Amino acid sequence: MTPRTTIEAFDRFLSARLRRFPWKSDAARAFAAEVRFRSGALDDDWLNNGPASLICDLPPGWEQRLQPAFAGVSIELRSLGRDPDWPQHVRDTLRDLQERLGHGV
């Protein structure tokens, strides 16, 4: 399955069983088990359920840059959009690396 077809199948899975799974992570594990039962391959932790480990590194206002990635019947997925200062940030990072390494990257 492709990422898109996996998400679409998960949305259908949730639509049919939503009342049985109060937490999406429990449903994602149950969905993975069903996929494996049907001879597919999907790890229990296949669903990245948010940027929890990245939040402390994100700039203020990151929530306003969220872009729709998928809208189904039972789930809506969003992704971070590009930082408007990204090109300058990249230039600054490369300049810092060049200074620390003593040569260009």
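Not measured: the values here are computed from a predicted model. Quick note: residue numbers are just sequence positions, from 1.
Met1 and Phe10 end up in the same hydrophobic cluster when Ile, Leu, Val, Met, Phe, Trp and Tyr side chains are linked at under 4.5 Å.
With Trp62 contributing its side chain and Leu80 its backbone, the two residues share no donor-acceptor pair below 3.5 Å.
Counting heavy atoms from C-beta on, the side chains of Asp44 and Arg36 come closer than 4.5 Å. Side chains of Arg29 and Leu47 form no contact here, defined as non-hydrogen atoms less than 4.5 Å apart. You'll find the side chain of Asp11 reaches within 4.5 Å of the side chain of Phe70, heavy atoms only.
Side chains of Gln98 and Arg95: a donor-acceptor N/O pair is absent below 3.5 angstrom, by distance only.
Classification of Glu34 and Arg17 as a salt-bridged pair holds, one side-chain N sitting under 4.0 Å from a carboxylate O. Arg4 and Glu8 are joined by a salt bridge, as a carboxylate oxygen and a charged side-chain nitrogen come within less than 4.0 angstrom of each other.
In this view, Arg12 satisfies the side chain to side chain donor-acceptor pair (under 3.5 Å) rule with no residue, not counting sequence neighbours.
For the residue pair Phe13 and Ala27, the shortest heavy atom distance occurs at CE2-O, 3.6 Å. The two residues Ala41 and Val35 have their closest heavy-atom pair at N-CG1, 3.9 Å.
Atom CD1 of Ile7 is separated from atom CZ of Phe31 by 8.0 Å, given to the nearest 0.5 angstrom.
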